[in-house]
Amino acid sequence: MKAVVFEKFGEAPTIQTVPDPKPAADGVVIKVEATGLCRSDWHGWMGHDDGITLPHVPGHELAGVVVAAGKQVSRWKAGDRVTVPFAVGCGRCFECTSGNHQVCEHQTQPGFTGWGSFAEYVGIEHADTNLVRLPEEMEYATAASLGCRFVTSFRAIVDQGRVTPGEWVAVHGCGGVGLSAIMIASAMGANVIAIDLTDEKLEFARKIGAVATINASTTPNVVKAVKQITNGGAHMSMDALGHPTTSFNSISNLRRRGRHVQVGLMLGEHARPQVPMDKVIAFELEILGSHGMQAYRYSAMMEMIRTGKLKPELLVGKRISLEEAPAALMAMGGFEGIGIGVVTKF
Ligand SMILES: [Zn+2]
Ligand SMILES: [Zn+2]
């Protein structure tokens, strides 16, 4: 099969012909029909993720069709249209059996712990636990765009952030994660403030539900601006970018007993940012992480998509071919364009 391969961290990946994957006894092989481009792939390529062994095929936001299933797989067969969470749970450890596959102790991640979906085919283990059936009407590009950013935002807003109608939600950063969070929080009935450095993204944020926007490049004090708009601070706030400044602002702009959810990855030199711990105590703030979403939780999100309350298709940005993927991957370290780029030609 054709795949995007890198042999060294930080060196240009190339298109190579490599052996097709074979299904594990409890796994499947999926013919990839669409795969999203994500900043996490860029981090992996840069060598920020110590789970990767070289040579490596990136890609973890995938949708496609099952072409082969192992002997132990009972719920899936060739021809099924599926997607999969980026954190693939073992189904047997304490976290999995208590329903928290997203933090499985033995999790595998396509495109990180093993070869991913920047390829014609990808192997996924523990298929019965992790595969998610796609609604008939959902196209592959949309399904791939759910992959990590949309589902992580769904969990961040709904399950971790526990957003309720009427609350103020601040979203720092309007890339794929941020825009997803804005759409989801707004569908939940919250009042959303979008914060970014570009007017173009803020304008788009308004179109998908933000009721207020702050351009951080022209606003001297973002925290003060959020407090003014919200009359005292956000109830829930999210760092969707993953940067010491946005993380600090997101915690600092909360009102008493507010919830901060960290979704943007903090890796390398950013891994240990400053936290206003004085505020955390005095205001009884909560600091939460959000790491993907369990396969079984997709159904609530899929029903909101099916009924038109969520429209992830609006967040699909550029569609490119596998040949264009290496250059697009290397460019992910810079600022992204609007929406989620997806490889749709293999
Ligand atoms: Zn991702
Ligand atoms: Zn597990």
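All values reported here derive from a predicted model rather than from experimental measurement. Every number for a ligand or one of its atoms is a count from 1 in the order of the listing.
- Inclusion of Cys104 in the first shell of the Zn ion (ligand 2) is supported: an N, O or S atom falls under 2.8 Å.
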Check the pair Ser237, His260 against side chain to side chain donor-acceptor pair (under 3.5 Å), reporting the backbone distance first and the verdict last.
-> CA-CA 5 Å; Ser237 185; His260 161 78; 5.1 Å; no

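- Between His101 and Tyr296, the ring-plane angle classifies as perpendicular under the 30° and 60° cut-offs.
- Lys201 and Leu179 make their closest contact through O-CD2, 4.4 Å (heavy atoms, listed as atom of the first residue, atom of the second, distance).
- Residue His60 approaches the Zn ion (ligand 1) most closely through its N/O/S atom NE2.
- In summary, an N, O or S atom of Cys93 is located under 2.8 Å from the Zn ion (ligand 2).
- Residue contacts to the Zn ion (ligand 1): Asp41 brings no N, O or S atom closer than 2.8 Å.
- For Glu61, the N, O or S atom with the smallest separation from the Zn ion (ligand 1) is OE2.
- Taking 4.0 Å as the cut-off between side-chain N and carboxylate O, Arg306 and Glu303 count as a salt-bridged pair.
- Using cut-offs of 30° and 60° on the angle between ring planes, the pair His43 and His48 is tilted.
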